[in-house]
*Asks:* 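Below you'll find the structure I mean.
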Amino acid sequence: MGNAISLPKELEHLVDSLHMSNGLTSVFIEVLAISGSQLAKTNREKELIIWLAQRDQAIVGIGTVGFDIDEMPWTMSYFEREKEFILRVIKSAMDGLGWERLSYEPRKDWVIKSLDKFRLMISTFDKENVNLDSYLEWSEIEKDDEWPTIPKGYPKCEKHDLYLSCHGCILCNNGS
């Protein structure tokens, strides 16, 4: 089966979709969550990393976590800063930031190739293609929700120092 990450239809002719096996997708998301959890300073940066960490196949099912770049929770007001942050997260992940937290040794060449393609996709994506509904829908807090999409206070896993999503810690969920 596998997963795909794509640009919106009006941009997909510029960069082909990124297709990954389920195993590669898990590693890809984990190294982005690790890198981003170390780099995030602002609430918006933390939210972007939490959104990525929610693509946890151990919880939501294998082969179900692909997405279009415009589904990410971008905002119009801070788009350029958000894009710059994600590009820094990708670069740091490519450099191996925090990979020692993984309980396994990934195929670095495959992961770096996928991260590089993702970097190209993010670089190509522009403010005109932001879907504001994605952020508004994702960040909506439902009354009496015990597991809000964005955990209050942006807690981190005590073991891995990663931002927790509504699914918990992506590394703990995957046995690391």
Side-chain angles (χ1 to χ4, degrees), residues 1-7 15 17-69 71-74 82-123 125 134 138-139 147-151 153-176:
M1 195 169 177
N3 296 280
I5 299 173
S6 306
L7 283 167
V15 182
S17 295
L18 170 58
H19 295 276
M20 297 178 283
S21 68
N22 292 321
L24 180 55
T25 302
S26 290
V27 178
F28 175 88
I29 297 294
E30 287 175 7
V31 299
L32 287 171
I34 291 168
S35 173
S37 290
Q38 292 185 44
L39 298 176
K41 302 289 183 248
T42 69
N43 289 349
R44 283 296 307 130
E45 291 170 350
K46 294 171 187 176
E47 289 173 4
L48 285 163
I49 297 310
I50 290 166
W51 186 89
L52 284 169
Q54 286 176 345
R55 267 91 224 127
D56 185 349
Q57 293 184 107
I59 301 298
V60 299
I62 60 170
T64 63
V65 299
F67 58 91
D68 288 347
I69 301 295
E71 294 174 8
M72 293 176 69
W74 305 105
E82 294 162 0
K83 181 176 176 176
E84 180 183 302
F85 169 70
I86 291 295
L87 290 171
R88 279 193 343 263
V89 168
I90 295 167
K91 170 77 170 86
S92 294
M94 290 174 74
D95 291 342
L97 179 65
W99 285 31
E100 68 277 358
R101 296 178 192 184
L102 299 172
S103 62
Y104 55 89
E105 184 69 34
R107 283 283 311 257
K108 290 182 181 181
D109 55 333
W110 291 1
V111 178
I112 290 172
K113 183 178 178 182
S114 297
L115 289 167
D116 193 44
K117 183 139 188 192
F118 187 53
R119 180 199 55 76
L120 180 59
M121 296 172 87
I122 296 294
S123 295
F125 188 72
S134 293
W138 176 74
S139 63
W147 302 101
T149 302
I150 305 169
Y154 306 102
K156 283 186 159 183
C157 172
E158 291 181 20
K159 179 178 179 183
H160 298 107
D161 197 36
L162 266 66
Y163 285 105
L164 301 176
S165 76
C166 56
H167 306 307
C169 172
I170 192 169
L171 292 183
C172 289
N173 294 343
N174 288 305
S176 287

*Asks:* Okay, side chain of Lys83, backbone of Phe125: is any donor-acceptor separation there less than 3.5 Å?
*Replies:*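 Flag set: sc Lys83 to bb Phe125 pair under 3.5 Å.
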*Asks:* If you take all heavy atoms of Ser92 and Leu39, which pair is closest and at what distance?
*Replies:*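 Where Ser92 meets Leu39 most closely, the heavy atoms are OG-CD1, 3.4 Å.
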*Asks:* Kindly give the heavy-atom pair with the smallest separation between His160 and Cys169, and that separation in Å.
*Replies:*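 For His160 and Cys169, the tightest heavy-atom pair comes out as ND1-SG, 3.5 Å.
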*Asks:* Once you round to the nearest 0.5 Å, how far does CD1 of Ile86 lie from CE of Met121?
*Replies:*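 One finds 13.5 Å between CD1 of Ile86 and CE of Met121.
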*Asks:* Considering the options Leu115, Val111, Ile170, which one meets the side chain to side chain contact (heavy atoms under 4.5 Å, CB included) requirement together with Leu32?
*Replies:*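 When side chain to side chain contact (heavy atoms under 4.5 Å, CB included) is applied between Leu32 and each of Leu115, Val111, Ile170, only Leu115 qualifies.
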*Asks:* Mind checking whether Ile69 and Ile122 have side chains closer than 4.5 Å, heavy atoms only?
*Replies:*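 Yes, their side chains come closer than 4.5 Å.
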*Asks:* What's the shortest heavy-atom distance between Met20 and Thr25, and which atoms?
*Replies:*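 In terms of heavy atoms, the two residues are closest at CB-OG1, 3.4 Å.
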*Asks:* For the SG atom of Cys172 and the NE2 atom of His167, what is their distance to the nearest 0.5 Å?
*Replies:*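 Here the rounded value is 14.5 Å.
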*Asks:* Taking the side chain from Asp56 and the backbone from Ala58, do they hold a donor-acceptor pair closer than 3.5 Å?
*Replies:*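 Judged by distance alone, yes, a pair lies under 3.5 Å.
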*Asks:* Counting C-beta onward and ignoring hydrogens, is there a side-chain heavy-atom pair between Val89 and Leu48 closer than 4.5 Å?
*Replies:*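 With C-beta onward as the side chain, the pair stays apart.
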*Asks:* If you apply the rule side chain to side chain contact (heavy atoms under 4.5 Å, CB included), what do you find for Asn174 with Tyr104, and how did you get there?
*Replies:* CA-CA 11 Å; Asn174 288 305; Tyr104 55 89; over 6 Å; no
*Asks:* Checking the side chain of Ser35 only, and the main-chain atoms of Val31 only, is there a donor and an acceptor separated by less than 3.5 Å?
*Replies:*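 Checking the backbone N and O of Val31 against the side chain of Ser35, no donor-acceptor pair under 3.5 Å is found.
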*Asks:* Quick check for you: to the nearest 0.5 Å, what is the distance between Ile5 atom CD1 and Ile29 atom CD1?
*Replies:*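 With rounding to 0.5 Å, CD1 (Ile5) is 5.5 Å from CD1 (Ile29).
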*Asks:* Step by step, work out the side chain to side chain contact (heavy atoms under 4.5 Å, CB included) result for Asn3 and Arg55.
*Replies:* CA-CA 11 Å; Asn3 296 280; Arg55 267 91 224 127; over 6 Å; no
*Asks:* Say whether, by atom type as modelled, one donor and one acceptor occur between the side chain of Lys159 and the main chain of Leu171 under 3.5 angstrom.
*Replies:*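 Answer holds: no.
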*Asks:* Which heavy atom in Ile150 sits nearest to a heavy atom in Tyr154, and how many Å separate them?
*Replies:*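 Heavy atoms only, the tightest pair is CG2-CE2, 3.6 Å.
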*Asks:* If you take all heavy atoms of Gln54 and Ser165, which pair is closest and at what distance?
*Replies:*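 Of all heavy-atom pairs spanning Gln54 and Ser165, the closest is CG-CB, 3.4 Å.
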*Asks:* Salt bridge or not between Lys113 and Asp116? Use side-chain N to carboxylate O under 4.0 Å.
*Replies:*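 Looking at Lys113 and Asp116, the cut-off is not met.
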*Asks:* Should we say atom CD1 of Ile62 is surrounded by more than 12 heavy atoms from elsewhere, each under 6.0 Å from it?
*Replies:*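 Counting other residues, nucleotides and ligands, CD1 of Ile62 stays at 12 neighbours or fewer.
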*Asks:* Are any side-chain N or O atoms of Trp51 and backbone N or O atoms of Trp74, one a donor and one an acceptor, separated by less than 3.5 Å?
*Replies:*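 Answer holds: no.
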*Asks:* To the nearest 0.5 angstrom, please state how far the CG atom of Leu164 sits from the CD atom of Glu158.
*Replies:*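 The CD atom of Glu158 is 9.0 Å from CG of Leu164, to the nearest 0.5 Å.
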*Asks:* Do the side chains of Arg88 and Glu45 get nearer than 4.5 Å, heavy atoms only?
*Replies:*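 Of all side-chain heavy-atom pairs linking Arg88 with Glu45, at least one is under 4.5 Å.
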*Asks:* Could you grab the distance from atom CG of Leu24 to atom OG of Ser114, nearest 0.5 Å is fine?
*Replies:*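 Answer rounded to 0.5 Å: 4.0 Å.
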*Asks:* Keeping Asn22 on the side-chain end and Gly63 on the backbone end, is there a donor-acceptor pair under 3.5 Å?
*Replies:*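 Present.
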*Asks:* Can you measure from CZ (Arg101) to CD (Gln38) and round to the nearest 0.5 angstrom?
*Replies:*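 Reported value, rounded in 0.5 Å steps: 4.0 Å.
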*Asks:* Measure across Lys46 and Lys41 and return the closest heavy-atom pair with its distance rounded to 0.1 Å.
*Replies:*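 For Lys46 and Lys41, the tightest heavy-atom pair comes out as CE-O, 3.5 Å.
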*Asks:* State, yes or no, whether a side-chain contact exists between Ser37 and Asp161 at a heavy-atom distance under 4.5 Å.
*Replies:*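 With C-beta onward as the side chain, the pair stays apart.
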*Asks:* Please determine, by modelled atom types, if Tyr163 and Glu47 share a side-chain donor-acceptor pair under 3.5 angstrom.
*Replies:*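 No.
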*Asks:* What I'd like to find out is whether the side chain of Val27 reaches to under 4.5 Å of the side chain of Trp110, using heavy atoms alone.
*Replies:*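 Contact flag for Val27/Trp110 side chains = no.
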*Asks:* Check whether any side-chain heavy atom of Lys108 lies under 4.5 Å from a side-chain heavy atom of Trp99, and answer yes or no.
*Replies:*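 SC-SC contact between Lys108 and Trp99 confirmed.
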*Asks:* Do the side chains of Arg119 and Leu87 get nearer than 4.5 Å, heavy atoms only?
*Replies:*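 Leu87 reaches Arg119 side chain to side chain.
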